[in-house]
Amino acid sequence: MRISELARRTGTSPRALRYYEEKSLLRPDRSASGYRDYDERAAQAVRHIQLLLSAGLGTSVIAEILPCIPDDTTVLAPTCPELLDGLAEERVRITRSIDKLAAARDILDQLLQTRPVRD
DNA sequence: TTTCTAACA
DNA sequence: TGTTAGTA
């Protein structure tokens with residue numbers, strides 16, 4: 001399928017799909033005319049990319065992880081044990097970020113003399 | 001018409 | 001990320 005169809009089927013834009021390719025997240029074939037030609041697996045890969053992106057992972061990390069996710073799942077635990085440590089570290093970084101943000105919010109709550117409110 | 005690349009907003 | 005230009 002061509003880029004616009006893949007974009008439509010995955011809810012992204014052709015622009016984003018070209019960007020993914022530039023970051024080596026996707027490697028579509030090319031038609032004789034130079035048009036990108038995507039297969040079914042690409043559609044699944046894009047969904048994985050979007051999931052990983054929403055997890056806050058960078059494109060370089062995603063490029064490593066992607067080949068470890070089977071087309072039909074969203075879990076990689078059983079597949080590539082080597083990556084698990086790296087992702088665990090990523091999780092630690094995220095936790096630290098959350099803690100810092102929470103601390104910043106607490107300070108603002110004090111300055112504003114408001115009682116902590118849940119969003 | 002659709003897509004391509006590259007560059008600019 | 002969107003958009004634009006000039007092509008094939």
Side-chain angles (χ1 to χ4, degrees):
Chain A
M1 77 189 91
R2 296 199 301 201
I3 198 167
S4 60
E5 185 183 348
L6 180 61
R8 180 180 56 74
R9 290 177 34 171
T10 55
T12 44
S13 62
R15 177 72 171 83
L17 295 176
R18 294 190 188 101
Y19 175 72
Y20 294 162
E21 179 180 2
E22 187 184 311
K23 297 301 177 185
S24 301
L25 268 27
L26 252 28
R27 297 184 174 296
D29 287 334
R30 293 285 182 148
S31 69
S33 50
Y35 288 6
R36 272 164 267 249
D37 182 36
Y38 300 92
D39 53 30
E40 267 340 285
R41 308 186 57 237
Q44 195 52 54
V46 170
R47 294 185 188 105
H48 287 146
I49 291 170
Q50 294 176 314
L51 178 71
L52 266 13
L53 244 20
S54 66
L57 300 180
T59 50
S60 62
V61 184
I62 296 178
E64 294 178 21
I65 297 175
L66 215 49
C68 293
I69 309 180
D71 283 352
D72 54 325
T73 62
T74 42
V75 183
L76 66 161
T79 317
C80 279
E82 322 85 77
L83 285 174
L84 264 31
D85 286 346
L87 289 177
E89 287 174 22
E90 184 64 32
R91 192 183 189 289
V92 170
R93 279 191 283 278
I94 290 174
T95 300
R96 276 201 262 272
S97 294
I98 290 173
D99 291 345
K100 284 183 181 177
L101 288 172
R105 183 182 58 187
D106 287 346
I107 292 173
L108 287 178
D109 281 339
Q110 282 191 39
L111 290 173
L112 295 170
Q113 292 187 316
T114 58
R115 121 178 74 89
V117 175
R118 225 63 62 201
D119 301 305

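Throughout, protein chains are lettered first and strands after them, A, B, ... in sequence-line order, and every chain is numbered starting at 1.
In this structure the side chain of Leu26(A) reaches within 4.5 angstrom of the side chain of Ile49(A), judged on heavy atoms. In this structure, the side chains of Asp39(A) and Asp29(A) stay at 4.5 Å or more apart for every pair of heavy atoms. Side-chain contact between Leu87(A) and Leu57(A) is present, with heavy atoms from C-beta onward closer than 4.5 Å. Within the 4.5 Å cutoff, side-chain heavy atoms of Leu17(A) are placed close to those of Tyr38(A). Between Arg36(A) and Arg2(A), the closest side-chain pair of non-hydrogen atoms is not below 4.5 Å. You'll find the side chain of Thr12(A) stays beyond 4.5 Å of the side chain of Tyr19(A), heavy atoms only.
Taking CD1 from Ile107(A) and CG from Leu112(A), the interatomic distance works out to 11.5 Å, rounded to the nearest 0.5 Å. For the atom pair Leu25(A) CG and Glu64(A) CD, the distance stands at 11.0 Å (nearest 0.5 Å).
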Intra- and inter-strand pairing of DNA chain B, written as dot-bracket with Watson-Crick and G-U pairs under 3.5 Å and | for the latter, reads .|.||||||
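Taking a cutoff of 4.0 Å between a charged side-chain nitrogen and a carboxylate oxygen, Glu90(A) and Arg93(A) qualify as a salt bridge.
By the neighbour-count criterion of 12 heavy atoms within 6.0 Å, atom CZ of Arg30(A) is densely surrounded, having more than that number from other residues, nucleotides or ligands.
Running 5' to 3' along DNA chain C, contacts with non-hydrogen atoms of chain A at under 4.0 Å begin and end at dT1(C) to dA8(C).
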So which protein nitrogen or oxygen atoms get under 3.5 Å of nucleotides 3-6 of chain B's nitrogens or oxygens?
from	atom 1	to	atom 2	distance (Å)
dT3(B)	OP1	Ser4(A)	N	3.3
dT3(B)	OP1	Ser4(A)	OG	2.4
dT3(B)	OP2	Ser4(A)	OG	3.2
dC4(B)	OP1	Arg36(A)	N	2.9
dC4(B)	OP1	Arg36(A)	NE	2.8
dC4(B)	OP2	Arg18(A)	NE	3.0
dC4(B)	OP2	Arg18(A)	NH2	2.7
dC4(B)	O3'	Arg30(A)	NH1	3.4
dT5(B)	OP1	Arg30(A)	NH1	3.2
dT5(B)	OP1	Arg30(A)	NH2	3.0
dT5(B)	OP2	Arg36(A)	NH1	3.4
dT5(B)	OP2	Arg36(A)	NH2	2.1

